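These notes are about the structure you will find just below.
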Amino acid sequence: MTIRTRYAPSPTGYLHIGGAWMAFFNWLFARSHAGAFVLRVEDTDRSRSSEEYERAIFEDFRWLSIDWEEGPDVGGDYGPYRQTERMALYRASADELLTRGAAYRCFCTPQELEAERIRAQAEKRPYRYSGRCRHLTADQRAAFEREGRRPTIRLRLHDHGETIVVNDLVRGRVEFDPEHLDDYIIVRSDGSPLYNFANVVDDHAMAITHVIRGIEHLSNTPKQWVMYRALGWTPPEVAHLSNILGTDKKKLSKRTGDTAVRDYRREGFLPEALLNFFALMAWYPEENREIYSVPELVARFRVEDLGKASPVFDMDKLTWMNGVYMRTLLERDPGRVVEVCLPALREAGLLDGAPTEAQRAYIRRVIDVLGERLKVGRDIVAYGDFFFKDTVEYELEAARRYLSEPGIVEVLSALRERVAGAATLDPAGAESLVRTLAEERGLQAREIVHPTRVALTGKTAGPGLFELMALLGKDQVTRRLAAAVEYIHRTVGS
Ligand code: GLU
């Protein structure tokens, strides 16, 4: 049997972390069995769906290197792959269900249904459709039609009367009491299909063998199972994964990390780090290891190793992991590390458009100087913005602490003269200038290092001073030292 999995996004927004995470497991499972991964667009909610979101979702999958054999853009043997283009199929299945007596037309008006609901509420019982239209005669139906009522189609559920069992690959045997289900609408009065119906028709028609999806769909599964049975089809294997939680142990929210995948891209995360992180949010390999390349994941992934506990989206761990990938990449493909830093630089206004070769080389050197501080692309701005600015903005606290000592003007001025007089400025040269000056003045080296750092970067923390001096170069260093002296005169004078 060829394994076929799918991800079925509704194009009503950007691809979010939770969706990408779910898609990844379907992809991983297909890849680990040399199967096919299908993208199906569930766009029946026409007012909220857009082609722009569809394109954006595909683009984010491409960025993640999650590829698909079949989908609206690439076609395939089981197309079309957008639900709005599959209406004839849904109509045929609805007719089939009606013919078999497994579904019926319901002529109840919204007002009548509302009245039923209110009655149930008053009697303090959970609402279930009464089934009034289950046994309409042909004459009754014709009368309703003459009144101008347009029917919905409902699936007939209760007759089965027996427990519905879902054998979930992650959760094991889950039983559903049919008492809690009612005859649900599968086709609206305007002829459009509802999720539980279209989803079943599509999974069957597309020969999907395995569905890994969110726990919120577990309660839909018995309804879908009844339909598979009514149509004489075999349902796919299913696995329902628990919702990702934020570090506050509540459902992942925007604040705790559930943002669009493209935000992670913009901030300078690497797709391979994100996928590695995704895997460990529900897949628990036996060995104690954290870093897995995607091919390693494909080779090792087993659906039995998926856990049912709610994973926590640990941003610190993701950031750490990204840093590990950044450092490996720096050796193998430094150009990509540069690339990952560009969006953040642009967003901060520190880079305009595409960098020149010289700018690229400079960014590369900044990356080297920042070293392990650079875990995510945006860190280049957080820790190294001053490399890309002509004027230093002093953090208030830093300036107060280090640029107001008596005698500091003299020290900075002396250093400026020495730097100006030096032939070149490499890290060792910068260090010896600072140390010699300290010795001559009877100062500790740090009494020069700290103020100089503030003068050159505006901050109290950051990469090694001598490395950053070398990278800024003689001109920038002398200019910044002079500007700091001027700043001190100005603020002391005021
Ligand atoms: N379009 C549905 C969703 O985004 C798909 C659910 C499913 O995987 O069955 O939730």
Side-chain angles (χ1 to χ4, degrees), residues 3-30 35-51 53-54 56-58 60-61 66 68 70-72 78 80-87 89-90 93 155 166-171 174 176 184 186 188 192-228 231 233-244 251-252 258 260-261 278 282 303 306:
I3 298 291
R4 291 174 57 82
T5 66
R6 48 75 170 177
Y7 180 66
S10 301
T12 54
Y14 291 117
L15 180 65
H16 266 226
I17 283 297
W21 178 63
M22 205 57 67
F24 179 56
F25 282 117
N26 284 286
W27 179 89
L28 202 51
F29 186 64
F37 176 63
V38 178
L39 276 189
R40 177 174 76 232
V41 173
E42 304 209 325
D43 58 348
T44 50
D45 184 350
R46 286 177 200 240
S47 60
R48 291 174 58 226
S49 300
S50 82
E51 269 181 44
Y53 282 133
E54 182 187 299
I57 291 170
F58 291 0
D60 291 339
F61 278 130
I66 291 180
W68 53 99
E70 298 167 36
Y78 299 82
Y81 293 90
R82 276 186 203 98
Q83 288 192 325
T84 48
E85 295 165 13
R86 299 173 62 79
M87 291 300 166
L89 269 142
Y90 308 134
S93 291
L155 195 74
V166 172
N167 284 307
D168 188 288
L169 294 173
V170 168
R171 320 192 95 77
V174 189
F176 294 87
Y184 69 93
I186 60 174
R188 294 187 189 88
S192 60
L194 277 109
Y195 160 73
N196 274 316
F197 174 50
N199 194 265
V200 165
V201 172
D202 289 342
D203 281 345
H204 172 74
M206 294 181 178
I208 299 302
T209 59
H210 293 75
V211 171
I212 303 173
R213 63 185 172 190
I215 186 80
E216 67 274 17
H217 289 296
L218 183 59
S219 60
N220 287 320
T221 313
K223 300 183 187 176
Q224 298 174 355
W225 263 218
V226 173
M227 183 140 42
Y228 278 105
L231 287 161
W233 298 341
T234 312
E237 299 282 346
V238 279
H240 289 92
L241 301 185
S242 298
N243 282 323
I244 306 174
K251 196 165 180 257
L252 196 62
D258 188 23
V261 166
F278 278 171
V303 94
L306 284 174

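Positions are given from 1 along the sequence. Counting starts at 1 for both ligands and their atoms, following the listed order. Keep in mind that this is a model prediction, so the values were computed, not measured.
Proximity of Y195 to ligand 1 is established by a heavy-atom distance of less than 4.0 Å. Residue-ligand proximity: R6 is placed with a non-hydrogen atom under 4.0 Å from ligand 1.
The protein atom (non-hydrogen) at minimum distance from atom 2 (C) of ligand 1 is E42 OE1, 3.3 Å. In terms of protein heavy-atom proximity, atom 4 (O) of ligand 1 is closest to A8 O, 3.6 Å. The closest protein non-hydrogen atom to atom 3 (C) of ligand 1 is H217 NE2, 3.8 Å.
Note: H217 and Y195 have tilted aromatic rings, judged against thresholds of 30 and 60 degrees for the angle between ring planes.
Here the two rings, on W225 and Y228, have centers that are under 6.0 Å apart. Taking the six-membered ring for Trp and the full ring otherwise, Y7 and W68 have centroids separated by 6.0 Å or more.
Here the side chain of D43 pairs a donor or acceptor atom with the backbone of Q83 at under 3.5 angstrom.
Heavy atoms of E216 found under 4.0 angstrom from ligand 1: none, in either backbone or side chain. Residue N199 touches ligand 1 through its side chain alone, judged by heavy-atom distances below 4.0 Å.
With no hydrogens or angles considered, a side-chain donor-acceptor pair links H240 and T221 at under 3.5 Å. Side-chain atoms of E70 and Y81 form a donor-acceptor pair, as typed in the model, at a separation below 3.5 Å.
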